[in-house]
Amino acid sequence: GAGDIKITKDGNVLLKEMQIQHPTASLIARTATALDNVIGDGTTTQVLFVGELLHQSERYLADDIPPRVLVEGFDIAKELCLKLLDRYAVKWQEDSDTLHRVARTALRTKLEGDLAEKLT
């Protein structure tokens, strides 16, 4: 409830508990929460990344760069990122060793390293 103290490093928990009034901040929070619901992680990273994109955009808008140009730039950057992801993607090997390594890596983002090691 209101006034309760929560201690967490989970961005999704923080966003769900916050009462965000600003429309842009609310949109960012909703997209980050949706990402966490689908992927299970990345909330804080997404909020920071989108916040920095908006911050940099504001600088260009102050220099009278048209918003349309910024949007086109974001689209070009997205296409370049997708090409890089395709180039560096690793072929999935469905074996128990790979699954253990993926589980261990995921758990280490949420738990202390020794505990993640024991659980995997």
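Placement of Ile20 and Leu54 within a single hydrophobic cluster is found when ILVMFWY residues are connected by side-chain heavy-atom separations under 4.5 Å, directly or transitively. Hydrophobic cluster membership differs between Val71 and Val69, with clusters built from Ile, Leu, Val, Met, Phe, Trp and Tyr side chains linked at under 4.5 angstrom.
One finds the NE2 atom of His100 at 10.5 Å from the CG atom of Leu107 (value rounded to the nearest 0.5 Å). Going from atom CG of Leu85 over to atom CZ of Arg87 covers 10.5 Å, rounded to the nearest 0.5 Å. Note: Asn37 CG to Thr43 OG1 = 8.0 Å, rounded to the nearest 0.5 Å. Between the CG atom in Asp75 and the NZ atom in Lys78 there is a gap of 5.5 Å [rounded to 0.5 Å]. Of the inter-residue distances, the one linking Glu79 atom CD with Leu84 atom CG reads 11.5 Å to the nearest 0.5 angstrom.
Here the side chain of Ser57 pairs a donor or acceptor atom with the backbone of Leu53 at under 3.5 angstrom. A donor-acceptor pair is defined here as one N or O able to donate and one able to accept, closer than 3.5 Å; no such pair exists between the side chain of His55 and the backbone of Gly51.
Around the CD atom of Glu52, the shell of radius 6.0 Å holds more than 12 heavy atoms that belong to other residues, nucleotides or ligands. With a 6.0 Å radius and a threshold of 12 heavy atoms from other residues, nucleotides or ligands, Phe49 has its CZ atom at or below the threshold.
Using a 4.0 Å cut-off between charged side-chain N and carboxylate O, Arg68 and Glu72 make a salt bridge. Note on Arg59 versus Asp63: no salt bridge recorded, every NZ/NE/NH1/NH2 to OD/OE distance being 4.0 Å or above.
Residues Thr98 and Asp95 bring a donor and an acceptor atom of their side chains to less than 3.5 Å of each other. No hydrogens or angles considered: nothing links the side chains of Thr105 and Arg101 as a donor-acceptor pair under 3.5 Å.
The nearest pair of heavy atoms linking Ala32 to Val47 is CB-CG2, 3.7 Å.
With sequence neighbours excluded, the residues that form a salt bridge (Lys or Arg N to Asp or Glu O under 4.0 Å) with Arg104 are Glu117.
A 4.5 Å side-chain heavy-atom check between Leu35 and Thr31 finds every atom pair outside the cut-off.
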